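From a predicted model like this one, the values you see are computed outputs, not experimental measurements. Residue numbers begin at 1 in each chain, while the letters A, B, ... track the order of the sequences.
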There are 2 protein chains.
Amino acid sequence: MAAPSEELLDVVVGLLAEHGFEGLSIRRVAARAGVSIGAVQHHYPTKDALLAAAMRRVDDQVSAELAGRVQRARTPGEALRAVSEGLVPAGPEERPAAVVWLAQVARAAVHEPTAVGYRASWQRVEDALSRLIAAARPGLRAEQVRDEAAVLLALLDGLATARVAEPDRVTGDRARRLVGRHLDALLTPTGDRT
Amino acid sequence: MAAPSEELLDVVVGLLAEHGFEGLSIRRVAARAGVSIGAVQHHYPTKDALLAAAMRRVDDQVSAELAGRVQRARTPGEALRAVSEGLVPAGPEERPAAVVWLAQVARAAVHEPTAVGYRASWQRVEDALSRLIAAARPGLRAEQVRDEAAVLLALLDGLATARVAEPDRVTGDRARRLVGRHLDALLTPTGDRT
DNA sequence: CCACCGGCCATACGCTCGTATGGCTACGCT
DNA sequence: AGCGTAGCCATACGAGCGTATGGCCGGTGG
């Protein structure tokens, strides 16, 4: 199953999640994967290539997870809730991806090649959210839809960041509750009841 | 005015904003400040100390800026808007602080000492927002106040991140508009007009 | 049978890093 | 006047880094 080059990427993600960028070196990746330095070089000629591949992998995994949630949902509203919960890490098992994502943003801020991929991926998420919101709230004007999508995305982003860096202030339960209430308001056209 | 040790911190912030953590070294700081390596060591014995001081400095500057905005406001609502706009970087001149803040979060995720300071500082912001919201919306229950503060903070956080990494998707104007509309809704008790 | 090549390894090169050390100058205090 | 100390500098050391190089090993096609 797991091709050797894929296993290397998992090791990169693990190291990144544990020690951040500073703790990532070819040597460490090789050591943890139980292979030689040359093997790493063979699959990824430079460190940048290795990093880019690892980030793309996390990206793909997250995208696939979200797509699956959308597909399993029966209504746009349900899909919106499922996607939102998928974007905010709740348990420890979702932390590595979130930490890597944080590292990626920080890198994107100062490293243009990273920024290009990051922007494309995030734009896709906003588009997807827009489509779901438009479907769930047919009355909304297109511009309002995009704004609501941007607000929701920023909120999820901020909550995810807080979950990673301040797990005590923003617990998994609290994050879920806050997202739920925001979506309640979003999915309920101006003034309504239960 | 500018003590030599303060100028070093400005250099650190500048380097961090330009090239991130990877681009920061004692040698580079010394070179850009026009002093010797030894001078940097004299004021900050280790790289960690230098980094911590630089982050604390950004923290203090941001805190002072926000405190000033609160003090100049005439109503809690006004203060809330002023603080919110202060937390989302609009122009290029606010970018360095925002990039450093992003770097700090990423570091906090994998470096406990950084995380401690980060959490304390962010908790203070949530508390301040809570007080302002409580003052602006006297009817709200305490728990709801805290939730609204957390939501607002996450939103601002997410928008600030987007402003740094995706300045084209989330322009300064758009960010301002989204924050304004969120605050409109927050400051208007359930169902109202104009 | 042999040439080839993908996959991997061991090692080496050159560089940059954080930090340690020791010395020099200028000023304040007694 | 003399001494201590703050401020700064030049240099050195050891470690870790990314990358380059050249060789070995096993399967496959001619």
Side-chain angles (χ1 to χ4, degrees), chain A residues 1-57 100 103-104 106-108 110-114 117, chain B residues 1-57 99-100 103-104 106-108 110-115 117:
Chain A
M1 259 288 119
S5 68
E6 301 271 310
E7 201 208 320
L8 287 180
L9 297 186
D10 285 340
V11 169
V12 171
V13 169
L15 282 174
L16 231 40
E18 278 175 47
H19 306 107
F21 269 118
E22 326 234 44
L24 189 82
S25 78
I26 305 287
R27 274 162 236 265
R28 278 225 250 268
V29 172
R32 183 174 289 207
V35 299
S36 73
I37 297 175
V40 179
Q41 289 181 295
H42 179 72
H43 294 285
Y44 304 97
T46 68
K47 191 186 186 182
D48 262 14
L50 178 61
L51 252 173
M55 287 176 167
R56 237 189 75 81
R57 182 173 165 79
V100 171
Q104 193 178 6
R107 187 170 156 89
V110 295
H111 186 250
E112 189 54 24
T114 302
Chain B
M1 259 292 117
S5 68
E6 301 271 309
E7 200 208 321
L8 287 181
L9 297 186
D10 286 339
V11 170
V12 170
V13 170
L15 281 173
L16 230 42
E18 279 175 47
H19 305 107
F21 269 120
E22 326 234 43
L24 189 81
S25 78
I26 305 284
R27 276 163 235 264
R28 277 225 250 268
V29 172
R32 185 175 287 206
V35 299
S36 74
I37 297 175
V40 179
Q41 288 182 295
H42 178 72
H43 294 285
Y44 304 97
T46 68
K47 191 187 186 181
D48 262 14
L50 177 60
L51 253 173
M55 287 177 167
R56 237 189 75 82
R57 182 174 165 79
V99 174
V100 170
Q104 192 178 4
R107 188 170 155 88
V110 295
H111 186 251
E112 188 54 26
T114 301

*Search all heavy atoms of V110(B) against all heavy atoms of G20(A) and return the closest pair with its distance.*
CG1-N, 3.6 Å
*Could you pull out all residues at least two apart from S36(A) that satisfy side chain to side chain contact (heavy atoms under 4.5 Å, CB included)?*
A39(A)
*asked:* In whole Å, I'd like the distance from the CD atom of E22(A) to the P atom of dG18(D).
replied: 12 Å
*Enter the distance from L15(B):CG to E22(B):CD here, rounded to the nearest 0.5 Å.*
13.5 Å
*Could you tell me which residues satisfy side chain to side chain contact (heavy atoms under 4.5 Å, CB included) with V12(A), sequence neighbours excluded, listed by chain and number?*
L16(A), L24(A), V29(A), L50(A), A54(A)
_Checking R56(A) now: which residues fulfil side-chain hydrogen bond (donor to acceptor under 3.5 Å, both in side chains) with it, not counting sequence neighbours?_
D60(A)
*Could you tell me which non-hydrogen atom of A17(B) sits nearest to which non-hydrogen atom of V100(B), and how far apart they are?*
N-CG2, 4.5 Å
*Please state how far atom NZ in K47(A) lies from atom C1' in dT19(D), giving the value in whole angstrom units.*
12 Å
*For R28(B), side-chain hydrogen bond (donor to acceptor under 3.5 Å, both in side chains) partners two or more places apart*: none
*Using a cut-off of strictly less than 4.0 Å between a heavy atom of the residue and any atom of DNA chain C, enumerate the qualifying residues of residues 11-19 of chain A by number.*
none
_Pairwise side chain to side chain donor-acceptor pair (under 3.5 Å) hits with a residue in residues 44-53 of chain A, at least two apart_ = D48(A)-R107(A)
*Do any of residues 30-46 of chain A sit with a heavy atom less than 4.0 Å from DNA chain D, and if so which?*
I37(A), Q41(A), T46(A)
*Is there a donor and acceptor pair, one atom on the side chain of R27(A) and one on the base of dG18(D), closer than 3.5 Å?*
yes
*Quick one: how far along DNA chain C does chain A reach, first to last nucleotide 5' to 3', anything under 4.0 Å to a heavy atom?*
dG7(C) to dC9(C)
*side-chain hydrogen bond (donor to acceptor under 3.5 Å, both in side chains) with R27(A): which residues, sequence neighbours excluded?*
none
*asked:* Listing request: all salt bridge (Lys or Arg N to Asp or Glu O under 4.0 Å) pairs with a residue in residues 9-21 of chain A, at least two apart in sequence or in separate chains.
replied: D10(A)-R57(A), E18(A)-R32(A)
_Partners meeting side chain to side chain contact (heavy atoms under 4.5 Å, CB included) with H43(B) (sequence neighbours left out)_ = P4(B), S5(B), L8(B)
*Does anything in residues 49-57 of chain A reach DNA chain D, meaning a heavy atom under 4.0 Å, and if so which residues?*
none
